[in-house]
Amino acid sequence: MNYWLIKSEPTAFSIEQLAKEKNQTTCWDGVRNYQARNFLRDDMKRGDLAFFYHSNCSPPGIVGIVEVVREGYPDDTAFDKASDHYDPRSSKENPQWYMVDVRLKETFPRMVTLEELKSIPSLNTMKILQRGNRLSVTPVTPSEWKEVLKQLG
DNA sequence: GCCAACGTTGGC
DNA sequence: GCCAACGTTGGC
């Protein structure tokens, strides 16, 4: 079992919205970065857990946990001309972009803020804290995972 | 709104 | 294959 962190701008899709989805499940579409795509397509497995991170907001931070309930499959928003995520290079015969399905597992009683994560020395290895990191899907180590949860007491 | 960091594109 | 230009991300 692997751990992950996935980012979303809450103005685009928040954990509150996820909570209202049918079965509290959504397809994690729209990722258009090759490194992140590879994680979605090849590495995220059913049963893996991921921190749900709210980015580009004030304050940014981790707001909960989701579980991977369907492994990588073609992101069909890339085929849809009307979609913001349309990519003419991707086709059903040769899909370029992938997504997984995630289900809400837990909404934290409070956000673990970016500022808080930064203040914890043992978390300075987290990808999210690396200078200039913009990847929207990153792996989290078991010890990082545990340390974040410890902040909730 | 600013801007540093980064990924992608395309001319050569 | 190099690299400048450009677009995007995301903290502040």
Side-chain angles (χ1 to χ4, degrees), chain A residues 2-21 26-44 48-68 71-102 104-141 143-152:
Chain A
N2 292 308
Y3 296 111
W4 306 92
L5 181 145
I6 59 178
K7 292 181 193 173
S8 183
E9 301 192 15
T11 53
F13 188 79
S14 67
I15 199 166
E16 291 81 11
Q17 280 170 266
L18 176 57
K20 289 179 196 152
E21 295 285 329
T26 188
C27 52
W28 202 255
D29 63 11
V31 173
R32 295 293 178 268
N33 168 285
Y34 287 103
Q35 218 181 326
R37 186 279 310 269
N38 293 346
F39 286 138
L40 293 170
R41 186 188 59 187
D42 306 331
D43 302 315
M44 291 181 94
D48 282 1
L49 299 178
F51 287 134
F52 194 118
Y53 180 89
H54 278 176
S55 68
N56 205 8
C57 57
S58 189
I62 299 172
V63 289
I65 296 173
V66 297
E67 177 179 351
V68 176
E71 295 179 9
Y73 63 105
D75 179 347
D76 56 15
T77 63
F79 312 142
D80 178 4
K81 282 202 172 100
S83 168
D84 287 343
H85 304 305
Y86 175 64
D87 185 345
R89 294 168 299 184
S90 189
S91 65
K92 288 181 185 176
E93 297 72 32
N94 187 23
Q96 298 298 299
W97 304 114
Y98 284 74
M99 58 188 177
V100 298
D101 286 356
V102 295
L104 181 63
K105 191 167 172 66
E106 180 183 352
T107 299
F108 289 164
R110 64 174 187 85
M111 171 190 274
V112 180
T113 64
L114 177 61
E115 185 184 20
E116 201 174 346
L117 297 174
K118 281 181 178 170
S119 75
I120 302 161
S122 59
L123 287 182
N124 64 13
T125 52
M126 278 191 86
K127 292 275 194 293
I128 190 90
L129 300 181
Q130 304 311 304
R131 178 185 156 98
N133 188 317
R134 302 180 351 186
L135 259 193
S136 62
V137 179
T138 51
V140 170
T141 69
S143 61
E144 289 165 353
W145 184 270
K146 226 182 281 180
E147 191 63 31
V148 170
L149 293 182
K150 225 167 91 183
Q151 307 315 309
L152 295 168

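Here the structure is a predicted model, which means the values were calculated and not measured. Every heavy atom of this structure was used, including side-chain atoms; hydrogens, water molecules and symmetry mates were not. Letters go in sequence order (proteins before strands), and every chain restarts at 1.
- At whole-Å resolution of the value, NZ in K7(A) and C1' in dG11(C) are 10 Å apart.
- One interatomic measurement links the two molecules: CG of N56(A) to C1' of dC2(B), which rounds to 13 Å at whole-angstrom precision.
- Taking the salt bridge (charged side-chain N to carboxylate O under 4.0 Å, His left out) definition, one finds that E116(A) meets it with R110(A), sequence neighbours left out.
- T77(A) and R32(A) are linked by a side-chain donor-acceptor pair at a separation below 3.5 angstrom, with hydrogens and angles left out of the test.
- Between Y73(A) and W97(A), the ring center distance fails the sub-6.0 Å criterion.
- Shown for residues 32-43 of chain A: no residue has heavy atoms falling under 4.0 angstrom of DNA chain C.
- Side chain of K7(A) to main chain of L135(A): a donor-acceptor pair is present (N/O by atom type, distance under 3.5 Å, no hydrogens or angles).
- Shown for residues 126-139 of chain A: residues whose heavy atoms fall under 4.0 angstrom of DNA chain B, namely R131(A), G132(A), R134(A).
- Taking atom CZ of residue F13(A) and atom C1' of nucleotide dG10(C), one finds them 20 Å apart after rounding to whole Å.
- Atom CG of L114(A) and atom P of dT9(C) are 18 Å apart (whole Å).
- Across the protein-nucleic acid pair, R89(A) atom CZ and dG7(B) atom C1' stand 12 Å apart, rounded to whole Å.
- Inspection of the E115(A) and T113(A) side chains reveals no N or O donor paired with an N or O acceptor under 3.5 Å.
- Distances shown here put every side-chain N or O of Y53(A) at or beyond 4.0 Å from the OP1 or OP2 atom of dT9(C).
- Between F13(A) and F52(A), the ring-plane angle classifies as tilted under the 30° and 60° cut-offs.
- With hydrogens and angles ignored, the 3.5 Å screen pairs a side-chain donor or acceptor of D48(A) with a backbone N or O of N2(A).
- The separation between H54(A) atom NE2 and dC12(C) atom C1' is 19 Å, rounded to whole Å.
- The aromatic rings of F108(A) and F51(A) sit perpendicular, their planes meeting at an angle over 60°, well past the 30° parallel limit.
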